[in-house]
Amino acid sequence: MMAARRDDKSPTPAPASAPAAPPYYIAAAPLFIGKFGRAHNVGDLVPVEHVEQYGWRDKVRLPDGYEAADQTQSEPETENGQATTTGKGDA
């Protein structure tokens with residue numbers, strides 16, 4: 001009896017992309033609950049729900065491999081990085 005020929009084609013892995021929401025944040029500064037209750041030290045893993053609840057958005061960073069979805073540019077997109085007008089008399 002002859003065995004059927006088997007093609008050893010392994011599926012190609014999907015391209016790696018940054019996940020949408022991080023499982024945690026990393027403290028970039030000491031985090032407090034209230035005035036004196038220290039909750040996290042620099043470098044600690046911080047639960048996502050705590051960041052929103054306690055207003056720590058500006059005191060944490062995303063883990064490696066994640067990109068902020070709400071990044072805004074601080075400079076306009078122009079040729080030399082300076083916002084200018086093209087018409088005369090627009091000053």
Listed partners of Asp64 passing salt bridge (Lys or Arg N to Asp or Glu O under 4.0 Å), at least two apart: Arg61

With the 4.5 Å side-chain cut-off for hydrophobic clustering, are Leu62 and Val46 part of the same group? yes

Can you give me the closest heavy-atom contact between Pro47 and Leu45, atom names plus distance? CD-O, 4.0 Å

Any link between Val42 and Val60 through a network of hydrophobic side chains (Ile, Leu, Val, Met, Phe, Trp, Tyr) touching at under 4.5 Å? no

Compile the donor-acceptor pairs under 3.5 Å between side chains in residues 23-40 and protein atoms, sequence neighbours left out, one pair per line.
{"unit_1": "Tyr25", "atom_1": "OH", "unit_2": "Arg57", "atom_2": "NH1", "d": "2.9"}
{"unit_1": "Arg38", "atom_1": "NE", "unit_2": "Asn41", "atom_2": "OD1", "d": "2.9"}

